[in-house]
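Convention: sequence-line order gives letters A, B, ...; per-chain numbering from 1. What you are looking at is a predicted structure, and each value in this text was computed from that prediction instead of being measured.
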There are 2 protein chains.
Amino acid sequence: METMTTELSASLEDYLESIFLVIAERGEARSKDIADRLGVAASSVTNALRGLVKRDLVRHEPYDLIALTEEGERVARDVVHRHEVLTHFFTEVLSVDEKTATACACKMEHIVGDVILERLIAYIEYDRSSGNGKTTWVEGKGFVHHA
Amino acid sequence: METMTTELSASLEDYLESIFLVIAERGEARSKDIADRLGVAASSVTNALRGLVKRDLVRHEPYDLIALTEEGERVARDVVHRHEVLTHFFTEVLSVDEKTATACACKMEHIVGDVILERLIAYIEYDRSSGNGKTTWVEGKGFVHHA
DNA sequence: GCCCCTTTTTAGACAGAGCTAAATATTTAT
DNA sequence: ATAAATATTTAGCTCTGTCTAAAAAGGGGC
């Protein structure tokens with residue numbers, strides 16, 4: 001049957017996410033933007049684009065702008081979503097600093113599955129809508145609940 | 001200077017962890033045990049051992065048992081620790097089922113840094129020593145606090 | 001002591017993802 | 001309009017980490 005859609009690698013997810021974000025920020029995306037953002041060589045982008053085009057997640061003619069397909073945009077949004085939920089959880093619930101939170105989210109976004117993501121979202125919500133007091137991180141004490 | 005200790009890869013961390021656990025369980029570890037546990041070919045283990053020996057994390061003479069160096073044991077314990085904390089957090093705090101928790105922990109253990117790990121530990125402790133009531137996951141409702 | 005079975009290692013291939021250098025397009029500025 | 005600057009692609013290399021097949025080592029039973 002060969003409908004075997006190989007699972008998207010962490011690397012390709014990163015490229016896809018970058019393309020999505022660059023388009024969101026600048027209206028269009030070229031190779032160089034992606035290379036700069038990811039800190040890789042331009043040729044690595046060309047290379048990754050081949051993989052993404054092959055999987056029908058990206059549309060791209062040589063030397064032209066980079067565009068996402070419907071499916072590509074869907075997947076990209078999903079990665080971004082995972083990234084945001086994780087960052088949020090780390091900063092809001094665990095009181096971790098932005099930089100550390102983002103760094104970890106960047107790697108975890110390729111790993112975390114639906115079930116855990118759902119629970120993290122629920123936990124953030126629970127934490128936010130604290131009708132039962134607030135839990136905060138206190139240096140030297142750990143997490144503390146204030147009524 | 002070349003004292004450049006390259007960061008241990010996720011893959012090598014997995015091998016190291018397996019060696020540690022097999023030794024803990026059976027008293028000794030051979031190639032085959034590791035291959036079976038990780039579900040890889042025997043030759044992949046031989047290969048990985050080269051990397052671990054080179055980094056002085058493992059002692060190994062051809063055809064002989066596999067042993068950890070002091071440093072190797074330290075690193076292995078650290079990986080196992082991260083694994084356990086993560087699994088714990090997922091099952092205890094997020095009420096995720098064992099299998100899903102373990103699967104995610106297996107990947108995250110190679111990623112999560114000290115700061116976040118510390119916070120997770122604190123959160124587990126906070127959750128456990130609930131002198132302020134208990135927070136539990138309720139299907140269809142999310143997390144709920146019981147006084 | 002020797003044969004057979006299992007384990008381990010070697011050898012060689014391959015895929016993924018990165019790099020540099022060189023070739024080729026495109027864009028911009030004079 | 002063309003030369004210079006910039007961007008993109010190609011070609012070829014490297015490193016990990018995996019695999020399979022074949023060779024070599026070890027261990028037991030008899």
Quiz prompt | Atom-to-atom span, CG of A:Leu38 to C1' of C:dA17 - whole angstrom | solution = 13 Å

Self-check item: Parallel, tilted or perpendicular: ring planes of B:His145 versus A:His145, cut at 30 and 60 degrees
Solution: parallel

Exercise. Quick one: closest heavy-atom pair of A:Asp127 and A:Glu92, and the distance?
Key: OD2-O, 3.7 Å

Quiz item: Tell me: CD of B:Glu28 to P of C:dT8, nearest whole Å?
Solution: 11 Å

Quiz prompt | Integer-rounded Å distance: C:dG16 P and A:Glu13 CD | solution = 16 Å

Quiz item: Counting only side-chain N and O atoms of A:Tyr15, is one of them less than 4.0 Å from OP1 or OP2 of C:dG16?
Solution: no

Quiz item: What pairs with A:Arg59 under salt bridge (Lys or Arg N to Asp or Glu O under 4.0 Å), at least two apart in sequence or on another chain?
Solution: none

Practice problem: Using whole Å, report how far CG of B:Asp14 lies from P of D:dT16. | Solution: 17 Å

Quiz prompt | Nearest-angstrom distance from the residue atom CG of B:Leu16 to C1' of D:dG17 | solution = 16 Å

Quiz item: Can you give one letter per nucleotide of nucleotides 8-13 of chain D, going 5' to 3': B for a protein heavy atom under 4.0 Å from the base, S for sugar-phosphate only, - for none?
Solution: BBB---

Practice problem: Output yes when A:Asp78 and A:Arg74 qualify as a salt bridge under the 4.0 Å nitrogen-oxygen rule, no when they do not. | Solution: no

Quiz item: Within the side chain of B:Thr91, is there an N or O that forms a donor-acceptor pair under 3.5 Å with the backbone of B:Thr87?
Solution: yes

Practice problem: Please list, chain by chain and in numerical order, all residues satisfying salt bridge (Lys or Arg N to Asp or Glu O under 4.0 Å) with A:Arg119, sequence neighbours excluded. | Solution: none

Quiz item: Between B:Leu8 (CG) and D:dG17 (C1'), how many Å, whole number?
Solution: 14 Å

